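From a predicted model like this one, the values you see are computed outputs, not experimental measurements.
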Amino acid sequence: EVRLVESGGGLVQAGGSLRLSCGASGLTFEDYAVGWFRQVSGKEREGVSYISPGDGSTYYAASVKGRFTISSDNAKNTVYLQMNSLKPEDTAVYYCAADRGGLHYLIVGPEDAHDLWGQGTQVTVSS
């Protein structure tokens, strides 16, 4: 079965850190671009960080640049999102997605068209 599974969410105080993991089964991440998205109930989903595990290229939304770091461990077929200096406005359900179309397509393409999505993990930042 081909799937993505997120983990690592939780409750943290403002200024704290969390590391999210996105593990893949049934596929090789090096063949995909992988991104982290987040969604607050009632609002549109927002892309926050992206990586091309094949060459290590990364891209960050302005709202998280300098605070979040995306990385991949290709041997473990896992992509991580290290989130530091968390703010209450980072509270959301975080999803990872993968697409064979490449990093640019993952960033600008229609989200509903991406190849794979995980089930999401809740991140709550208290003030």
Side-chain angles (χ1 to χ4, degrees):
E1 181 184 5
V2 178
R3 63 175 185 161
L4 303 178
V5 178
E6 302 97 334
S7 62
L11 173 64
V12 64
Q13 289 188 330
S17 298
L18 282 174
R19 188 177 80 158
L20 306 183
S21 299
C22 174
S25 59
L27 60 91
T28 301
F29 261 158
E30 290 177 274
D31 296 333
Y32 291 75
V34 182
W36 284 98
F37 298 75
R38 65 187 181 187
Q39 188 170 26
V40 176
S41 181
K43 295 188 177 181
E44 289 189 359
R45 191 159 47 196
E46 171 193 16
V48 294
S49 302
Y50 309 83
I51 189 167
S52 175
D55 64 12
S57 300
T58 59
Y59 180 85
Y60 297 91
S63 58
V64 306
K65 198 168 187 179
R67 300 188 298 122
F68 290 11
T69 302
I70 191 169
S71 62
S72 67
D73 184 332
N74 294 344
K76 295 183 178 179
N77 231 17
T78 301
V79 168
Y80 303 98
L81 185 67
Q82 178 68 42
M83 306 186 295
N84 299 328
S85 303
L86 282 162
K87 306 175 181 179
E89 51 264 44
D90 294 317
T91 295
V93 178
Y94 284 70
Y95 300 88
C96 65
D99 201 296
R100 284 181 170 267
L103 194 61
H104 179 73
Y105 183 74
L106 187 64
I107 296 169
V108 303
E111 293 177 4
D112 290 346
H114 295 325
D115 294 333
L116 292 166
W117 286 91
Q119 83 288 351
T121 185
Q122 176 70 47
V123 171
T124 303
V125 185
S126 63
S127 57

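Taking OG1 of T91 as the start and CD of Q122 as the end, the distance is 7.0 Å to the nearest 0.5 Å. Summarising the geometry, atom OG belonging to S7 is positioned 15.0 Å from atom OH belonging to Y94; distances are rounded to the nearest 0.5 Å. Expressed to the nearest 0.5 Å, how far NZ of K87 lies from OG of S127 amounts to 14.0 Å. Summarising the geometry, atom CG belonging to D115 is positioned 8.0 Å from atom OH belonging to Y105; distances are rounded to the nearest 0.5 Å. Taken to the nearest 0.5 Å, the CG atom of D55 stands 9.5 Å off from the OG atom of S72. Here the OG-CD distance, from S49 to Q82, works out to 11.5 Å after rounding to the nearest 0.5 Å.
The only member of L20, L81, V93 that meets side-chain contact (heavy atoms from CB on, under 4.5 Å) when paired with T121 is L20.
At a threshold of 4.5 Å between non-hydrogen side-chain atoms, the residues V48 and R67 do not count as touching.
In this structure, S21 and T78 approach most closely via the heavy-atom pair CB-CG2, 4.2 Å. Here the closest non-hydrogen pair linking D99 and A113 is OD2-O, 3.9 Å. Taking both residues in full, the closest heavy atoms of W117 and E111 are given as NE1-O, 3.2 Å, listed atom of the first, atom of the second, then distance.
Residues I70 and Y95 do not share a hydrophobic cluster, defined by chaining ILVMFWY side chains whose heavy atoms lie under 4.5 Å apart. Connection of V108 to V64 is not established within any shared hydrophobic cluster, with ILVMFWY side chains joined at heavy-atom distances below 4.5 Å, either directly or through further cluster members. L103 and L4 fall into different hydrophobic clusters, where Ile, Leu, Val, Met, Phe, Trp and Tyr side chains are chained together by heavy-atom contacts under 4.5 Å. Residues Y60 and W36 share a hydrophobic cluster, clusters being chains of Ile/Leu/Val/Met/Phe/Trp/Tyr side chains in contact below 4.5 Å. Under the 4.5 Å side-chain contact rule for hydrophobic residues, Y80 and L86 do not share a cluster.
Put simply, the side chain of T58 never gets that close to the backbone of I51: no donor and acceptor are under 3.5 Å apart. In this structure, N77 contributes its side chain and F29 its backbone to a donor-acceptor pair below 3.5 Å. Of the possible donor and acceptor atoms, none in the side chain of Q39 sits under 3.5 Å from a partner among the backbone N and O of A92.
Residue Y59 qualifies as open at atom OH: its count of foreign heavy atoms under 6.0 Å is 12 or below. Enclosure of atom CG in D31 by more than 12 non-hydrogen atoms of other residues, nucleotides or ligands within 6.0 angstrom is indicated.
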key: E46 and S63: CA distance, side-chain angles, deciding distance, side-chain hydrogen bond (donor to acceptor under 3.5 Å, both in side chains) verdict   = CA-CA 10 Å; E46 171 193 16; S63 58; 3.2 Å; yes

message = Set out, in order, the CA-CA distance, both residues' side-chain angles and the distance that settles side chain to side chain contact (heavy atoms under 4.5 Å, CB included) for E1 and S25, then state yes or no.
response = CA-CA 7 Å; E1 181 184 5; S25 59; 5.6 Å; no

inquiry  = Does E6 form a side chain to side chain contact (heavy atoms under 4.5 Å, CB included) with Q119? I'd like the steps, not just the answer.
reply    = CA-CA 7 Å; E6 302 97 334; Q119 83 288 351; 2.8 Å; yes

task = Test side chain to side chain contact (heavy atoms under 4.5 Å, CB included) on R38 and D90 and set out the steps.
result = CA-CA 9 Å; R38 65 187 181 187; D90 294 317; 2.8 Å; yes

ask   = Is there a side chain to side chain contact (heavy atoms under 4.5 Å, CB included) between L27 and R100 once you walk through the steps?
value = CA-CA 11 Å; L27 60 91; R100 284 181 170 267; over 6 Å; no

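Ring pair H114/F37 is tilted by interplanar angle, where 30° to 60° counts as tilted.
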